[in-house]
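These numbers come from a predicted model, not from an experiment.
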2 protein chains.
Amino acid sequence: MHSTPNPHTLSLFIRKLESISALTNEERQAIQSLPVRIHNFDAGQDIVRDGDQPTHCCLILNGWACRYKLLTLGKRQILSFHIPGDIPDLQSLHIHTMDHSVAAMTKATVAIIPHESLRNLTEYFPEIAATLWRNTLIDAAVFREWLICLGRRSALKRIAHLFCELYLKMQAVGLAGGYRCPLPMNQADLADALGLTPVHVNRVLQEIRGRDLITLRSQMLEIKKWDELVRVSEFDPAYLQLARSAAGETVGNATLCLAL
Amino acid sequence: MHSTPNPHTLSLFIRKLESISALTNEERQAIQSLPVRIHNFDAGQDIVRDGDQPTHCCLILNGWACRYKLLTLGKRQILSFHIPGDIPDLQSLHIHTMDHSVAAMTKATVAIIPHESLRNLTEYFPEIAATLWRNTLIDAAVFREWLICLGRRSALKRIAHLFCELYLKMQAVGLAGGYRCPLPMNQADLADALGLTPVHVNRVLQEIRGRDLITLRSQMLEIKKWDELVRVSEFDPAYLQLARSAAGETVGNATLCLAL
DNA sequence: CGACACATTGACCAGACTCAAAGCTAGTGG
DNA sequence: CCACTAGCTTTGAGTCTGGTCAATGTGTCG
């Protein structure tokens with residue numbers, strides 16, 4: 001379950017923060033020396049639970065996670081998807097009780113960082129504080145965009161929109177490119193994220209495939225007509241705040257960030 | 001349009017922050033001396049627009065505002081409602097381009113605070129930074145709860161849930177009590193917030209009234225059966241992070257925060 | 001009084017849901 | 001290497017919540 005952190009553990013984190021704003025050497029040093037524990041999770045396992053009062057945050061090093069909330073009658077709403085470089089429970093630094101859970105969607109490696117260390121970091125380095133704050137603000141922007149999807153877009157647009165979003169997020173950390181992107185979720189997960197039923201997701205996926213916009217098999221999404229997918233979903237990547245939103249560009253080395 | 005700030009302008013802000021965490025005298029002083037301009041808006045007027053790159057934040061002193069986004073075909077999604085004490089565009093401090101608009105829903109008085117002053121404040125007072133950060137995290141928690149509503153709750157539950165939320169928020173700043181609460185919005189606004197059509201909102205409101213849960217006329221909501229409303233909407237106030245969630249208690253002086 | 005904004009009603013429609021059954025497919029164990 | 005299983009995906013038929021369009025009330029304000 002546990003393993004020893006190695007000196008490169010936090011480089012993903014640093015790269016993520018640097019994609020938001022520059023760091024000084026001193027800041028980089030301070031982050032590098034955060035005391036972390038590494039934890040491995042199985043697919044489907046909870047990382048943090050609704051109602052918990054966490055004393056640490058979880059940086060995803062490898063694999064996918066999602067935030068979700070269970071409701072009455074077995075209903076579930078997935079609130080967000082998270083990929084390497086994300087800290088899905090960063091809000092727990094200032095909101096002490098979890099109002100939802102975080103689960104691993106694949107086998108996942110997670111760096112566990114004590115709140116205390118993060119608080120010290122933000123106290124001494126207001127720039128880092130601002131960058132982490134900004135991180136949570138981008139999360140909020142994504143929540144707003146999902147709100148728009150659930151409130152005002154058809155099932156087809158929702159699915160297409162989500163595919164655009166996830167592809168760009170993965171591309172931004174070098175884990176996707178050439179319009180191909182791992183997508184380790186089943187149709188029930190998509191349904192729970194998009195406010196639909198699995199049966200309807202299935203039918204709409206057939207429609208999208210029928211229009212030759214994507215292929216999706218064995219956990220791999222391929223976007224065959226990016227421009228068209230963007231058009232039908234009314235997708236505008238601005239809310240993701242990706243520095244160089246390389247929508248449409250392939251990345252050189254798709255395994256860049258896996259080299260941990 | 002403009003008017004001169006008076007020494008009490010920021011007391012609402014201070015009270016709001018103090019409801020989140022204690023302030024030192026020095027911190028209180030620093031906030032008190034923020035340079036603000038006061039601006040009045042008419043009902044329906046935009047305060048900040050989608051695409052703007054604001055150089056200041058807007059603290060609502062009086063009246064209601066909402067965040068919204070316009071979509072194709074005249075569709076609109078309301079993302080949040082805001083009441084006195086809120087800073088609906090606080091995220092603009094770290095996200096430079098607005099991805100939605102903020103509009104006044106009533107005649108509204110707003111204190112305009114330069115980003116620069118807020119940045120200085122957060123740099124010198126990490127505690128204040130943390131408190132403002134926490135504020136935006138609570139906003140995000142509300143987005144998540146709305147996501148759950150739009151994704152997995154029926155029209156009736158959504159409406160009932162929103163009424164519970166707005167009542168508690170208003171009560172927390174002393175603007176509602178005795179299960180009565182101003183609600184300055186029409187059925188089209190409710191529809192745009194809840195992902196429904198005005199016609200359907202109308203029908204469901206009749207159903208809720210028919211069950212004698214609420215009355216709603218001339219912009220005034222009265223909750224006649226709080227417990228029942230909470231039950232049918234599966235409302236759990238935890239996400240609002242109200243210090244002393246006085247669900248069910250009346251407040252002494254309902255005009256407390258109007259005394260600006 | 002007339003105009004306007006908003007609420008309400010009716011008739012009809014459609015996107016999405018429900019329930020249930022039948023295919024696939026990737027692992028697993030014999 | 002194949003049969004079995006478990007978990008997903010796909011299909012079908014029928015239903016329902018909520019949407020659409022258009023008309024009619026109602027209340028407020030100049």
Side-chain angles (χ1 to χ4, degrees), chain A residues 42-45 71-78 103-107 149-162 182-210 214-221 232-233, chain B residues 42-45 71-78 103-107 149-162 182-210 214-221 232-233:
Chain A
D42 285 333
Q45 211 181 339
L71 309 171
T72 53
L73 305 172
K75 283 182 293 189
R76 179 176 69 144
Q77 177 68 42
I78 290 180
M105 302 179 66
T106 62
K107 272 180 169 297
C149 277
L150 297 202
R152 287 288 178 242
R153 292 203 246 257
S154 67
L156 191 137
K157 282 170 195 277
R158 286 183 216 181
I159 295 179
H161 198 279
L162 181 64
L183 207 72
M185 61 191 71
N186 60 32
Q187 297 180 359
D189 294 329
L190 284 174
D192 284 340
L194 299 169
L196 302 168
T197 55
V199 171
H200 197 56
V201 166
N202 181 281
R203 289 179 168 131
V204 175
L205 277 177
Q206 289 177 54
E207 163 75 14
I208 300 181
R209 282 192 276 240
I214 64 153
T215 62
L216 176 57
R217 17 170 235 284
S218 47
Q219 321 270 66
M220 178 62 70
L221 169 70
V232 309
S233 62
Chain B
D42 284 332
Q45 212 180 338
L71 309 170
T72 53
L73 305 172
K75 283 182 294 189
R76 179 176 71 145
Q77 177 68 44
I78 289 180
M105 302 179 67
T106 61
K107 271 179 171 297
C149 278
L150 296 202
R152 288 287 179 243
R153 291 204 247 258
S154 68
L156 191 136
K157 281 170 195 279
R158 288 183 214 180
I159 295 179
H161 198 280
L162 180 63
L183 207 72
M185 61 191 70
N186 59 34
Q187 298 180 357
D189 294 328
L190 285 174
D192 285 340
L194 299 170
L196 302 168
T197 55
V199 171
H200 197 57
V201 166
N202 182 281
R203 288 180 169 130
V204 175
L205 277 177
Q206 288 176 53
E207 164 75 14
I208 300 181
R209 283 193 275 238
I214 63 153
T215 61
L216 176 56
R217 14 170 238 284
S218 44
Q219 322 269 65
M220 178 62 71
L221 169 71
V232 309
S233 62

Nucleotides 11-20 of chain D: protein proximity per nucleotide (B base, S sugar-phosphate only, - neither; heavy atom, under 4.0 Å) | BBB----BSB

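The CE atom of A/Met185 sits 11 Å away from the P atom of D/dT9 (whole-angstrom rounding). Between the C1' atom of D/dC8 and the CE atom of A/Met105 lies a distance of 14 Å, rounded to the nearest Å.
Residue A/Ile78 holds its CD1 atom at 9.5 Å from CG of A/Leu162, rounded to the nearest 0.5 Å. From A/Leu71, atom CG reaches atom NZ of B/Lys157 across 9.5 Å, with rounding to the nearest 0.5 Å. To the nearest 0.5 Å, the span separating CG on B/Leu183 from CD1 on B/Ile214 amounts to 8.5 Å. To the nearest 0.5 Å, atoms CG (B/Leu216) and CE (B/Met185) are separated by 9.5 Å. The CG atom of A/Asn202 lies 12.0 Å from the CG atom of A/Leu196; values are rounded to the nearest 0.5 Å. Rounding to the nearest 0.5 Å places CD1 of B/Ile159 at 5.0 Å from CD1 of B/Ile208.
Side chain of B/Arg153 to backbone of B/Arg158: no donor-acceptor contact under 3.5 angstrom is found. Side-chain atoms of A/Gln77 come within 3.5 Å of backbone N or O of A/Ala193 as a donor-acceptor pair.
Taking the side-chain contact (heavy atoms from CB on, under 4.5 Å) definition, one finds that A/Ala188 meets it with A/Asn186, A/Pro198, sequence neighbours left out.
Within the structure, the salt bridge (charged side-chain N to carboxylate O under 4.0 Å, His left out) test picks out the following pairs touching residues 191-209 of chain B (sequence neighbours left out): A/Arg152-B/Asp192, B/Arg76-B/Asp192, B/Glu207-B/Arg211.
If you walk DNA chain C from 5' to 3' and mark each nucleotide with an atom closer than 4.0 Å to a heavy atom of chain B, the marks span C/dC6 to C/dA11.
For the pairing with B/Val201, the side chain to side chain contact (heavy atoms under 4.5 Å, CB included) check across B/Thr197, B/Val204, B/Leu205 returns one residue only, B/Leu205.
A/Lys107 has its side chain within reach of A/Asp42: a pair of non-hydrogen atoms, C-beta onward, lies under 4.5 Å apart.
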Enumerate all atom pairs, one protein N or O and one N or O from nucleotides 24-29 of chain D, separated by less than 3.5 Å.
none

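Nearest approach of A/Leu150 to A/Gly195, heavy atoms of both residues: CD2-N, 4.2 Å.
End-to-end axis angle of the helix from C/dC1-D/dG30 to C/dG30-D/dC1, from C1' rotation axes over five pairs per end: 30° (rounded to 10 degrees).
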